Amino acid sequence: MTAVDLEFDQLNSTVDALRRSISNRLMYGVGKDAATARPQDWLNAAALAVRDRLVARWMKTTRHQYEQDVKRVYYLSMEFLIGRTFTNALLALGIYDQMKEALAGLGVDMEAAAELEPDAALGNGGLGRLAACFLDSMATLAIPGFGYGIRYEYGMFRQKIIAGEQVETPDYWLRAGNPWEFPRPEVQYMVHFGGRTIERDGHVQWIETEHVNAMAYDTVIPGFATSATNTLRLWSARATEELDLSAFNQGDYRRAVEAKETSENVSRLLYPDDSTPAGRELRLRQEYFFVSATMQDLIRRYQRTHSTFGRFAEKVAIHLNDTHPVFAIPELMRLLVDIHHVPWDRAWKLVQQVFSYTNHTLMPEALETWDVEMLARLLPRHLEIIFDINAEFLKDASAHFGHDVDVIRRISLVDEYGQRRVRMAHLAIVASQKVNGVSKLHSQLMAREFFKDFAHMFPARFTNVTNGITPRRWLAQASPPLSALIDQHIGTHWRRDLFELSKLRALKSDAAFSSEFRAAKRRNKIRLAHRLMHDTGIMVHPDALFDLQVKRIHEYKRQLLNVLHVIVRYNRIRAEPERDWVPRVVIFAGKAASAYKMAKTVIKLINDVGEKVNNDPLIGDQLKVVFVPNYGVSVAELVIPAADLSEQISMAGTEASGTGNMKLALNGALTVGTMDGANIEICDAVGRDHIFIFGHTAEQVDDLRATGYRPRQIYEENAELRLALDQIRTGYFSPDDPRRFSDIFHTLVDWGDHYMVLADFAAFAEAQDAVDARFREPRQWTESAIENVAGMGQFSSDRTIAEYAHDIWHVKPVDVS
Ligand code: 26V
């Protein structure tokens, strides 16, 4: 590479310099002047001024990575739930106050402008947000990590609540442009579909395919307080010229344009469903589209500095965020064997050295499989490769297990029962050098139950890496009052070393600190109360206990358990309105997959119960029920810092980890939770006295199921619960449509109560009574809250990424000095 020495402005970040940059960017970047600029234009100009300051670091990091010929991590994920970038980038650069002042000098209120930035909502929930926290941590730790995914034009749908029901509207998040991305039209790869395979000169060729180009868009990922800066590369579908021309030459212009549109659909929208594999061809195309481009890109990058594949495994680690990117495995095999003519055995060895896989859910309905017939039609070469991998694997398995047909049938990559399907998790496990779960319990269940045959064959492959969250976004950015208080007492270094928070333990009985801690929480509660008033018209009192359950709406997460308790509480208050109740605001937020009827009914039930409770003059401020619409990263940043209580009440054994549980505890909320996912580790970290644990453990759930679970008996024997369920069944909350919720009743009482809501109800109600008792003692409550914050060190995604880097990827930080 030859290069001239460029002369460009070295940008400093004094208030004056920033003001000048913003003015320049407004004029020359956005094309407006102060007279015509709308708030959105100011935001874009300011964002470009920030971006300019990141770019020099970005170039430098890339150059260092190249010069040091570092091993790189490719983090493949269908979802990256980044949220907003502006404030995050300001904090990473340490120029928040300067920018605020510079904008104020230009007559712009920065915080108001920041609210105009749309969320990059390119994900459904936990898995996507985890990927975003990981990008933040990889950059902060200077790990040479690339995120790879899809640049969906439509992200997660926007949720409106109309007459208590979820209404989905499309989220065209790119409407006002995206100042954080760089289009790279020069980086395009062709991705093929369909066709057939032939053998020629001893090599397989995949011919007569249709194709689409994948074009790269790069987003800068700044590390916090470091010049290390990484890249998130997202692919967008572009019609290939061949495709345009073939129809055009035949004189059919309209068909040519239509074909172009159709081929570009592949990156159009995010599948808004995390509950079932939407058995859709387009989803399969998406998965293959982005991994094919990614594998081509990483081979090209490797080949820039290496002439053979001899050092491939020393320089490349590829991580599969769940099974969605698993086609990367046969695709890399295809590229190595068919295109680069690496012998099969050697290619397979390389593949097994570079891949690793994280499982994020054991819910059987979410484990991906693909119909063999569809694969034969869309990806015929990949199906052959998968069959070949399977044949060899089953040979090894027979050797390992003896000829036990049951085991062989269970572990085969192909489910032969009924319509043949490829099991993507099995392919991921067979091809990966490490496979991990996301909490201790989840990893145990994986190795001992769900994938036990694999764990028997490859014991060293299975491991645990408990999830984490970035403290930059989830404390520093989301809660300015609490961050400032912590800074005053223990300094600012906790942002990079979250274990520093343990120093707060020494202050837990300090009366002055406790009262400032309470004041910080109160400010966050007031901020939320204002927004609730504005958005929902519901007035809540900031001295009430703010009780949050915020997450995707799903039966296994048991929002219904929470609602049942709300109803019981309501009945109790109505029976004795004069008693001295602990006032509560029960806040729900979350989206339901659009096809998930039961989840949508649960949203309606929450709103109907809220309608009744909130308007009952007997109740007043003792109880409020609020559903906050459109849960996503930005809403989370608003509501989480305002929580007193965190509901983590999934049936034990179903929530792989949870990360909202960590965000809430980090913000000083006490958890009421089951022994599930990372709750168990949170319990260990904060101490049994500072968390409200209830309900059946995973083992007890199994036992109960084995001995015969009878929900109707619980219904009959618990009078308070029976009343609540009867109210649901008979239309007490839905007088306009008394049978609206009868399916909810029957699901719980008559149809098996699959998630054992009734089995845990009594224990849950008891735990809630203990919550009330503790909340009556503000000093004790605050002590527990401080213990929670102090115990969160291990839940930083920096710790998580350090473990991946050391134990799984074997990568080291790049030296950026
Ligand atoms: C599945 C599918 C199927 C096809 C349609 C689109 C789609 C999108 C996502 C999923 C799987 C979602 C799995 C997931 O989000 N798991 C969550 O991962 C978190 C991070 O590890 C973890 O904390 C949560 O417990 C787990 O539910």
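All values reported here derive from a predicted model rather than from experimental measurement. In each ligand, atom 1 is the first atom listed, and ligand 1 is the first ligand listed.
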Can you see whether [X] engages [Y] through a side-chain donor-acceptor pair at a distance of less than 3.5 angstrom?
| X | Y | result |
| --- | --- | --- |
| H442 | N464 | no |
| D415 | H426 | no |
| T358 | H319 | yes |
| T671 | Q648 | no |

With sequence neighbours excluded, tell me which residues meet salt bridge (Lys or Arg N to Asp or Glu O under 4.0 Å) with E281.
R285, R377

Check: F146 ring centroid to Y74 ring centroid under 6.0 Å:
yes

Heavy atoms under 4.0 Å from ligand 1: which residues qualify?
E79, N124, G126, L127, L130, D273, D274, T276, P277, A278, R283, H324, H360, V438, N467, Y556, E655, A656, S657, G658, T659

